[in-house]
Every structure is written in C-alpha cells, then in structure tokens.
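A quick note: this is a predicted structure, and the numbers were derived from the prediction, not measured.
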Amino acid sequence: MAESSKEDLFQLIKRFRAYLSVRMSSIFPISLLNMDPRSVGAVTGLALAIVFTWRLLRSPSEPQRRQPKHQAPSTSSSVVGVQSTATSGPSGVPPQSEYLRAQNVVDEFFQTVKPTLGQIVRQRLSEGRKVTCRLVGVILEESSPEELQKQATVRSSVLEVLLEITKFCDLYLMERVLDDDSERNVLLALENAGVFTSGGLIKDKVLFCSTEIGRTSFVRQLEPDWHIDTNPEIVTQLARFIKYQLHVSPTRPERHASNVFSSTSLELFFGSL
C-alpha cells in the first residue's frame, strides 16, 4: 500500500502543478516576503489541503474477507469477488471515490480564496469598459458645489477602488461648479491624491458644467456602460438610456429600476471596506 500511495501522491502532485500554474499567478501576485495576512492565510489553506489529500491517499482500503481455503467458489461468490476487485482496483490502489474526494478538496480550497479588488471591480461592473462618475459625494468629501469654492478633498477610502477602475475602464469624472476656482480646487485635489499618475485618467477626462442638466448631457453623449451619481432625479432620467447605474446615497434608497443599483458609498458597493 505504501508504494501505491507514493505513486498516487506523485500523480496528484502532477495534477496540482497543472492546476496551480493557471490559478496561482492571479491569486498570489506578490512574493512570500511581501505577503499580507490574507495571502498568508491562502498559502496556509493550500498547505492544509495538500496534507488532507495526502492523508486521504494513505488511508488503507477496507480489508477483504478471506475466503475458506478449501471451499469451492460458487457463482454468487465469484460475482462478489469481481465487484470487490473492481472497487478496490489492482495492487491495492485506492478506489476512484478517493480521487474524487481529493479533487473536491482542491476545488473547495480555491473557491474559498477571496478574489482581489481588481477582480471584484471587474465582476461588479459586468466587464463594462466605459464609466462616468460624479465627483461630489462620491469621490470628494464635499457634498455640494458651493463647498468646492473653498476646497476639494479626495476621500481616502475611495482612492483604491477609483484606481482599480481606471486600470481597465475608460473613466470620466464630472461635476457642476460655480466658478473657475472650483475647477482648480478639484483638479489640484485629484492630482495630489495621485489619480493622474496611474495612467488611466487624464485631466481632459475631468469635465465641468454649470447646471445639473449639463451633467446629464455629458452622460448621454459619452454613452457609458455605467454611470455613478448621487442625484436621484438624474439617475431616474438616465435609467432608460444607460445600461447600468449606481446611485450613491447615505439613506440607501429603493432601486429606481432593474438596471439601477444603490449603495451608501462607491467603495462599499465593491466590498472594499
């Protein structure tokens, strides 16, 4: 049994190697020295899965009953013997059910590994490639255009999600402003936060208008896959024209339409908190 178990383990390792070559690069993109607690937990889970699988392969198969030495085998006993041999396999190799259980251990492990934020963003946006987003109340701490006349502050909690969106989406930011000083405050805040250094967003994609109707017109012209806004009237008006929308509101209102989602914040919608 020991020799056959070693051979079984060797075959399982080969299957692991092919399986991991596809999955590991996306699950563990960093080195062991720089792993965060989540990655360390994933590696620990993998080790436990391997140990558990090895124990499954080492478990001895159920001993067969010894037949009386001088008893002539009957037809029924011959059938039982054939079935027992088919179940146990040649040379004491564990039955097929143990291989299936071992594979299930591997599958369950990878199902419990949490996806990265980038993977979550892609999934939640349904692979949408163009996104328009209001600044006030979503990206910025300020809640009205009047506040932008004094200052603009990028919310630190939303920055990571915002940068992930810019990696694979054509992102446009827009806001209603009252004067040129407000525009400068917004652009300076985005620049200081490092939004323009990632390469996915440029200043020309930050749009300003003087009315709420102007923001609606921007969205209609750009025809995005997703629009993110805090104004329920604009969300309702655009529901017929935009594939998906996210309504950001602290009160978590009811959905305006089947293609409109709601969340108290952008980062919470992607589960990054």
Side-chain angles (χ1 to χ4, degrees), residues 20-43 110-141 152-175 186-208 215 218-219 221-230 235 238 242-248 259-273:
L20 294 178
S21 63
V22 178
R23 301 296 298 273
M24 291 297 287
S25 59
S26 61
I27 296 176
F28 307 113
I30 56 177
S31 64
L32 291 174
L33 295 178
N34 297 322
M35 277 188 172
D36 56 18
R38 181 182 299 176
S39 299
V40 173
V43 173
F110 283 107
Q111 289 174 0
T112 58
V113 175
K114 292 184 178 180
T116 64
L117 178 58
Q119 292 170 337
I120 295 176
V121 169
R122 289 179 178 85
Q123 182 180 11
R124 293 290 278 170
L125 292 182
S126 303
E127 299 295 334
R129 289 300 179 179
K130 183 182 288 188
V131 178
T132 55
C133 179
R134 184 183 189 180
L135 283 161
V136 166
V138 181
I139 307 300
L140 301 178
E141 295 280 1
T153 308
V154 176
R155 302 175 64 241
S156 58
S157 58
V158 80
L159 188 58
E160 187 177 6
V161 170
L162 183 64
L163 294 178
E164 287 294 338
I165 293 176
T166 61
K167 288 181 180 179
F168 74 100
C169 284
D170 189 15
L171 177 65
Y172 291 83
L173 302 178
M174 54 189 64
E175 188 51 59
V186 170
L187 292 175
L188 182 61
L190 293 173
E191 185 175 6
N192 292 338
V195 175
F196 299 129
T197 60
S198 64
L201 182 66
I202 59 177
K203 291 183 179 181
D204 290 341
K205 292 184 178 181
V206 182
L207 310 177
F208 298 100
R215 188 164 77 252
F218 280 155
V219 177
Q221 292 176 18
L222 290 170
E223 298 182 341
D225 300 301
W226 279 83
H227 176 62
I228 304 168
D229 211 296
T230 60
V235 171
L238 293 175
I242 307 303
K243 187 175 182 181
Y244 298 110
Q245 288 191 92
L246 174 61
H247 181 201
V248 176
N259 62 335
V260 177
F261 301 86
S262 62
S263 177
T264 56
S265 67
L266 180 64
E267 58 270 34
L268 187 60
F269 178 71
F270 294 104
S272 63
L273 288 180

List the residues meeting ring-ring contact (aromatic ring centres under 6.0 Å, His included) with Tyr172, not counting sequence neighbours, and say none if there are none.
none
Verify, without hydrogens or angle tests, whether [X] (side chain) and [Y] (backbone) share a donor-acceptor contact under 3.5 angstrom.
X: Lys130; Y: Leu222; result: yes
X: Asn259; Y: Gln245; result: no
X: Arg134; Y: Ile228; result: no

Stepwise side-chain contact (heavy atoms from CB on, under 4.5 Å) test for Phe270 and Ile165:
CA-CA 11 Å; Phe270 294 104; Ile165 293 176; 4.2 Å; yes
Lys243: what forms a side-chain hydrogen bond (donor to acceptor under 3.5 Å, both in side chains) with it, not counting sequence neighbours?
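With neighbours one apart ignored, the set is empty.
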Under the side-chain contact (heavy atoms from CB on, under 4.5 Å) rule, what do Leu188 and Asn192 come out as? Steps first, then yes or no, please.
CA-CA 6 Å; Leu188 182 61; Asn192 292 338; 3.6 Å; yes
Taking only residues two or more places apart in sequence or in another chain, which ones pass side chain to side chain contact (heavy atoms under 4.5 Å, CB included) with [X]?
X: Arg155; answer: Glu141, Ser157, Val158, Ser265, Glu267
X: Gln221; answer: Ser217
X: Phe208; answer: Val177, Glu183, Val186, Leu187, Val206
X: Gln123; answer: none

So, are Glu127 and Arg122 salt-bridged, with charged N and O less than 4.0 Å apart?
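Salt bridge absent between Glu127 and Arg122.
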Heavy-atom side-chain contact between [X] and [Y] under 4.5 Å:
X: Leu125; Y: Val131; value: yes
X: Leu246; Y: Ser263; value: yes
X: Leu173; Y: Leu201; value: yes
X: Leu190; Y: Phe196; value: yes
X: Leu162; Y: Leu171; value: yes

Residues His247 and Ser262: side-chain donor-acceptor under 3.5 angstrom:
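There is no such pair between these side chains.
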Separation between [atom1] of [X] and [atom2] of [Y], rounded to the nearest 0.5 Å:
X: Thr132; Y: Asp170; atom1: OG1; atom2: CG; value: 10.5 Å
X: Leu159; Y: Leu266; atom1: CG; atom2: CG; value: 11.0 Å
X: Cys169; Y: Trp226; atom1: SG; atom2: CH2; value: 10.5 Å
X: His227; Y: Cys133; atom1: NE2; atom2: SG; value: 7.5 Å

Considering non-hydrogen atoms only, spot the tightest contact between Leu163 and Gly194 and give its length.
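Scanning both residues completely, I find the closest heavy atoms to be CD2-O, 4.2 Å.
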Under 6.0 Å from the ring centre and within 45 degrees of the ring axis: does the NZ or CZ of Arg129 meet both conditions for the six-membered ring of Phe168?
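Ring-cation test returns no.
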How far apart are the C-alpha atoms of Asp229 and Val248, what are their side-chain angles, what is the distance that settles it, and do they pass the side-chain contact (heavy atoms from CB on, under 4.5 Å) test?
CA-CA 6 Å; Asp229 211 296; Val248 176; over 6 Å; no
Test Leu207 against Glu175 for side-chain contact (heavy atoms from CB on, under 4.5 Å), laying out the working first.
CA-CA 7 Å; Leu207 310 177; Glu175 188 51 59; over 6 Å; no
